[in-house]
Amino acid sequence: MFTNMSLGLNSSYYPSVITESTLSDGSLENGFGNATMPPYMLPAYIRTTSMIVCILVMVLGVVGNLMVPLVVFRGKDMRNSTNIFLVNLSVADLCVLLVCAPTVLVEVNSRPEIWALGEHMCKAVPFVELTVAHASVLTILAISFERYYAICEPLRAGYVCTKARATCLCFLAWAAAALCTSPIVFVTKYENMAAISAGVEVSREEKTVAMCETQMNSSAKVAFMLVLTILFFVLPLFLLLGLYLVIVRHLVKDSSTTSSCGESYQARARRQVVLMLLTVVFSFFVCLAPFRLLTLFVVLSPDGALDLGMEAYYNLLYFGRIMFYLNSAINPILYNLMSSRFRIGFLKLCGIRKPRRVESNTFRSTVTASRPSRWATRKEGHHENVV
């Protein structure tokens, strides 16, 4: 089943299928086997749309993600455990936008099966993309568990949700993600192919092209891709659904016990932060879903991928890639829309200051749990001012 199938990498490990059924005149031939790929140029609308969207995403994403750590570290009240995790997400997004996204601009202007960026980038790009995706998932899990402790178990939050622990968890997330992703470096292959023109092969000295492939030619490699998808997409998705269900139920229960004089400030603050984090989690999985589903589809059903046709396949491929990069640009926008303190920080960073009267009345997104004692209040204070 896997003998004659491989996944073409190009700018990532996004797959393209190569099988013996694609033999035809005018193709690329692997010097180590019989698999060939017919020449194909992307339609103009795919090239134009991909370039425009990718440039917009890169510009907005780089500017926004650079501003997040500046906002957090410039304001003393913003330096807390939750915001340290958000800075870590921004670092991960910057890695994608600066290392991986620019490769789209190279690819769409050449034949899609040709890799023009050299062997080091062939192995680095899929490794960076996978590592960043996995580190982001682990960071989102850490943020969500921190919110669970702050809202559902406030007495434990004082010593569980600290800045030192958050920083340590960020480093552990990157180490674990890199370790789990490292086999992709050995699975990815960079090879020079001899070009064939009109059915007549020319010498390698005269004309060769480079290809970057992740060959799914063994059960072990397919299992590796499936395990990564389950560990860093499926399981976190269901775990986060359960975790936020518990958090929301706790918030609803607290709201029902609020005094008749009106909703408490703490309840409003908690709900705002949880809503923002839920939106971040939702956007993350929605943006990564096309990328993950297409990869699984090609790995599990290469013949089905061939049946799609070249144009339909590349439409799905570049849609999945743009959605992946869009996820790296959207978080700063969500922080501005849903967190008044981040919004004020962004405005100050741009030299725009709100009038004191407006700023003083701005709702502070401070998450504080119920306080059974003054000791608990002091203990929680250092991590409750979230966003």
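One is the number of the first residue; the rest follow in order along the sequence.
For the pair Ser182 (side chain) and Leu179 (backbone), a donor-acceptor distance under 3.5 Å is present. Thr188 places no side-chain N or O within 3.5 Å of a backbone atom of Val185 that could act as its donor or acceptor partner.
Aromatic rings of Phe233 and Phe285 (six-membered ring for Trp) have centroids within the 6.0 Å cut-off, being under it.
With a 4.5 Å cut-off on side-chain heavy atoms, Thr181 and Ile184 count as touching. Here the side chains of Val87 and Phe73 are in contact, with some heavy-atom distance below 4.5 Å. Contact of the Phe232 side chain with the Arg292 side chain is registered, since non-hydrogen atoms from C-beta on lie closer than 4.5 Å. Between Leu228 and His134, the closest side-chain pair of non-hydrogen atoms falls below 4.5 Å. You'll find the side chain of Ile55 reaches within 4.5 Å of the side chain of Leu105, heavy atoms only. Proximity of Tyr325 to Val104: side-chain heavy atoms (C-beta onward) are separated by under 4.5 Å at one or more points. You'll find the side chain of Pro102 reaches within 4.5 Å of the side chain of Met58, heavy atoms only. Counting heavy atoms from C-beta outward, Tyr335 and Arg341 have side chains that stay 4.5 Å or more apart.
In the hydrophobic cluster analysis, where Ile, Leu, Val, Met, Phe, Trp and Tyr join through side-chain heavy atoms closer than 4.5 angstrom, Met323 is grouped together with Tyr314. A single hydrophobic cluster is seen to contain both Phe127 and Val227, as judged by linkage of ILVMFWY side chains at heavy-atom distances under 4.5 Å, directly or through other members. When the side chains of ILVMFWY residues are joined at heavy-atom separations under 4.5 Å, either directly or via intervening members, Val63 and Leu97 end up in a single hydrophobic cluster. Using a 4.5 Å cut-off between side-chain heavy atoms of Ile, Leu, Val, Met, Phe, Trp and Tyr, with links allowed through other members, Val68 and Ile84 fall into different hydrophobic clusters. Under the 4.5 Å side-chain heavy-atom criterion for grouping Ile, Leu, Val, Met, Phe, Trp and Tyr, Ile230 is connected to Phe238 within one hydrophobic cluster.
Of the options Thr139, Asn83, Asp93, a side-chain hydrogen bond (donor to acceptor under 3.5 Å, both in side chains) to Asn88 is made by Thr139 and by none of the others. Among Leu169, Leu138, Leu240, Leu86, the single residue meeting the side-chain contact (heavy atoms from CB on, under 4.5 Å) criterion with Ile143 is Leu86.
A pairwise comparison of heavy atoms in Cys170 and Phe85 identifies SG-CD2, 3.7 Å as the closest pair. Pairing each heavy atom of Thr82 with each of Arg147, the nearest pair is OG1-NH2, 3.4 Å. For the residue pair Asn65 and Ser328, the shortest heavy atom distance occurs at ND2-O, 2.7 Å. Scanning both residues, Ile247 and Ser144, for their nearest heavy atoms gives CD1-O, 4.0 Å. Looking at every heavy atom in both residues, Met121 comes nearest to Val99 through CE-O, 4.0 Å. Taking every heavy atom of both residues into account, Cys122 and Lys189 meet most closely at SG-O, 4.1 Å.
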**Asked** Run the side-chain contact (heavy atoms from CB on, under 4.5 Å) check on Phe284 and Ser136 step by step: do they pass?
**Response** CA-CA 9 Å; Phe284 177 84; Ser136 298; 3.7 Å; yes

**Request:** Please assess Phe291 against Ile322 for the test side-chain contact (heavy atoms from CB on, under 4.5 Å), listing each intermediate value before the final yes or no.
**Result:** CA-CA 9 Å; Phe291 151 77; Ile322 293 299; over 6 Å; no

**Message:** Working note: Cys54 + Met51, criterion side-chain contact (heavy atoms from CB on, under 4.5 Å); need CA distance, chi angles, decisive distance, verdict.
**Reply:** CA-CA 5 Å; Cys54 193; Met51 288 182 65; 5.9 Å; no

**Asked** Does the pair Leu89 and Ile140 meet the rule for a side-chain contact (heavy atoms from CB on, under 4.5 Å), with working shown?
**Response** CA-CA 8 Å; Leu89 281 180; Ile140 288 174; 4.3 Å; yes

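Annotation: the span from Leu237 atom CG to Leu288 atom CG amounts to 11.0 Å, rounded to 0.5 Å. Here CD of Glu146 is found 9.5 Å from CD1 of Ile151. Values are rounded to the nearest 0.5 Å. Going from atom CZ of Phe224 over to atom OG1 of Thr229 covers 9.5 Å, rounded to the nearest 0.5 Å. In this structure, OG1 in Thr279 is found 4.5 Å from CG in Leu275, a value given to the nearest 0.5 Å. In this structure, CG in Asn331 is found 10.0 Å from CZ in Phe342, a value given to the nearest 0.5 Å. If you take CG on Leu42 and OG1 on Thr49, they are separated by 11.0 Å, rounding to the nearest 0.5 Å.
Distance check for Cys100 and Cys95: the SG atoms are not under the 2.5 Å cut-off.
Counting non-hydrogen atoms of neighbouring residues, nucleotides and ligands closer than 6.0 angstrom, the OH atom of Tyr244 exceeds 12 such neighbours. Within a 6.0 Å sphere centred on CZ of Phe186, other residues, nucleotides and ligands contribute 12 heavy atoms or fewer.
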